[in-house]
Amino acid sequence: MAANNRRMSGKKGAQVGSGGQRRRGLEGKGPTPPAEMRKGHAKQRAAQAKARRAQGRTTQRRGGRSASELVVGRNPVVEALRGGVPASTLYVQQFIDNDERVREALQLAADRGGINLMEAPRPELDRMTNGLNHQGLVLQVPPYEYAHPEDLVAAAHDEGEDPLIVALDGVTDPRNLGAVVRSVSAFGGHGVLVPERRAAGMTAGAWKTSAGTAARTPVARATNLTRALEAYKKAGVLVVGLAADGEAELGDVEALDGPVVIVVGSEGKGLSRLVGETCDVRVRIPMPGGAESLNAGVAAGIVLYEAVRRRS
């Protein structure tokens with residue numbers, strides 16, 4: 001039998017063997033990776049779920065960005081630069097008539113710094129402005145970075161103060177938004193909340209009306225204003241709506257000295273039904289003169305003054 005084995009081992013040709021598998025198996029696969037890195041492990045699935053939740057929170061907390069905007073024409077461009085409207089680029093037509101407004105626009109852009117000066121042929125400016133009468137000057141306003149509604153409450157708490165916020169419902173004139181931003185800044189409020197749709201945004205007109213206060217007063221944008229107000233209520237913030245037929249008069253609302261969001265509707269329609277139903281209290285401003293309604297900026301300023309007076 002032993003001889004037979006020797007004869008078999010000396011046989012020419014391919015032999016059946018392990019192919020090195022046993023040798024590689026003895027070498028090992030290195031250190032065992034942590035559970036979070038092992039495919040299919042429960043801890044890895046938990047870590048992935050946690051990362052997805054964190055990513056979701058980051059996405060939700062973004063207030064979003066507006067689209068970039070063009071200010072067209074010599075007078076509008078000069079007024080925007082005088083008003084401190086943010087700008088990234090000033091386009092000047094080649095061979096433009098160098099009048100006083102052109103010289104002032106160039107000087108304002110140079111003095112501010114950070115604004116690119118670009119010379120462009122008239123056809124290019126016509127294309128950029130879709131044929132508007134640009135008069136050789138076009139100012140590009142960068143997208144506005146909106147805050148998240150929760151950021152306004154968080155900013156107040158960081159300062160050790162009760163939140164004082166103004167929300168706008170159905171206000172579509174950017175100048176009204178700018179006026180409200182200016183009032184909130186003047187009375188030490190913590191920001192302005194606007195809905196994402198069917199509402200004014202932070203355009204160049206809003207910036208100009210705010211008289212530069214938009215640079216230090218955040219504007220937040222909510223996908224759904226009613227849900228944002230409900231979230232404020234859960235956070236302990238009183239929601240006060242302004243309405244001509246409100247059940248309480250402004251001077252009788254003592255809760256204005258605490259955390260409050262003041263909701264202002266449009267001048268014509270007032271508060272929408274769902275927003276009105278969400279308010280904790282609807283307040284009317286006494287008007288002995290008999291006016292039917294007030295401009296949104298004026299109405300907000302009156303209530304802000306009353307709130308600050310009670311807090312002092």
Side-chain angles (χ1 to χ4, degrees), residues 58-59 62-148 168 170-182 185 191-192 194-223 266 295-297:
T58 301
T59 303
R62 293 187 186 129
R65 302 178 71 187
S66 62
S68 60
E69 181 186 2
L70 296 178
V71 178
V72 177
R74 299 188 183 187
N75 285 336
V77 166
V78 170
E79 291 174 3
L81 289 170
R82 285 177 182 169
V85 175
S88 56
T89 306
L90 174 60
Y91 294 92
V92 183
Q93 180 183 314
Q94 290 177 340
F95 313 116
I96 190 174
D97 294 333
N98 194 7
D99 67 4
E100 183 179 348
R101 292 168 298 174
V102 173
R103 289 193 295 271
E104 183 176 1
L106 292 171
Q107 187 63 52
L108 288 169
D111 291 343
R112 185 189 296 186
I115 300 178
N116 298 317
L117 296 177
M118 300 288 292
E119 190 176 40
R122 182 182 181 88
E124 177 65 16
L125 296 184
D126 291 340
R127 184 194 63 79
M128 288 175 56
T129 61
N130 292 322
L132 294 177
N133 184 22
H134 51 74
Q135 299 176 305
L137 286 184
V138 177
L139 187 68
Q140 186 171 39
V141 179
Y144 181 80
E145 292 281 355
Y146 290 94
H148 187 277
L168 301 182
V171 175
T172 57
D173 189 340
R175 292 170 297 182
N176 279 338
L177 171 57
V180 170
V181 170
R182 187 173 183 178
S185 177
V192 179
V194 297
E196 186 174 322
R197 298 178 181 178
R198 295 184 293 275
M202 284 305 297
T203 63
W207 268 97
K208 180 185 171 186
T209 309
S210 76
T213 58
R216 57 180 182 272
T217 302
V219 176
R221 188 165 62 175
T223 304
S266 64
N295 173 278

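Being a predicted model, the structure only gives us computed values, none of them experimental.
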Who passes salt bridge (Lys or Arg N to Asp or Glu O under 4.0 Å) against [X], sequence neighbours left out?
{"X": "Arg127", "answer": "Glu124"}
{"X": "Arg122", "answer": "Asp126"}
{"X": "Glu119", "answer": "none"}
{"X": "Arg112", "answer": "none"}

Enter the distance from [X]:[atom1] to [Y]:[atom2] here, rounded to the nearest 0.5 Å.
{"X": "Gln135", "Y": "Asn75", "atom1": "CD", "atom2": "CG", "result": "7.0 Å"}
{"X": "Leu125", "Y": "Ile96", "atom1": "CG", "atom2": "CD1", "result": "8.5 Å"}
{"X": "Leu108", "Y": "Leu90", "atom1": "CG", "atom2": "CG", "result": "9.5 Å"}
{"X": "Leu139", "Y": "Tyr91", "atom1": "CG", "atom2": "OH", "result": "10.0 Å"}
{"X": "Met128", "Y": "His134", "atom1": "CE", "atom2": "NE2", "result": "9.0 Å"}

Can you check whether Leu81 reaches Ile115 side chain to side chain, under 4.5 Å on heavy atoms?
yes

Pairwise side-chain contact, Val92 with Leu137, heavy-atom cut-off 4.5 Å (strictly under):
yes

Closest non-hydrogen atoms of Met118 and Thr89, given as atom of the first, atom of the second and distance, are CG-CG2, 3.4 Å

For residues Pro142 and Pro86, report the shortest heavy-atom separation together with the two atoms involved.
CD-O, 3.5 Å

Using residues 211-220 as the side-chain source, report each donor-acceptor pair under 3.5 Å to any protein atom, sequence neighbours left out, with the distance given to one decimal.
| unit_1 | atom_1 | unit_2 | atom_2 | d |
| --- | --- | --- | --- | --- |
| Thr213 | OG1 | Ser210 | O | 2.6 |
| Arg216 | NE | Ser185 | OG | 3.4 |
| Thr217 | OG1 | Thr213 | O | 3.3 |

Who are the side-chain contact (heavy atoms from CB on, under 4.5 Å) partners of Ala200, not counting sequence neighbours?
Pro174, Leu177

Is it true that a side-chain atom of Tyr146 and a backbone atom of Met202 form a donor plus acceptor pair closer than 3.5 Å?
yes

If a pair satisfies side-chain hydrogen bond (donor to acceptor under 3.5 Å, both in side chains) and one of its residues is in residues 172-182, list it, with sequence neighbours excluded.
Asp173-Arg175, Asn176-Asn295

For [X], give me all partners under side-chain hydrogen bond (donor to acceptor under 3.5 Å, both in side chains), at least two apart in sequence or on another chain.
{"X": "Arg197", "answer": "none"}
{"X": "Arg82", "answer": "Glu104"}
{"X": "Asp111", "answer": "Gln107"}

Salt bridge (Lys or Arg N to Asp or Glu O under 4.0 Å): pairs with one or both residues in residues 70-80, sequence neighbours excluded:
Arg74-Asp99, Glu79-Lys208

Can you tell me which residue among Val194, Val171, Thr209, Val192 is in a side chain to side chain contact (heavy atoms under 4.5 Å, CB included) with Val180?
Val192

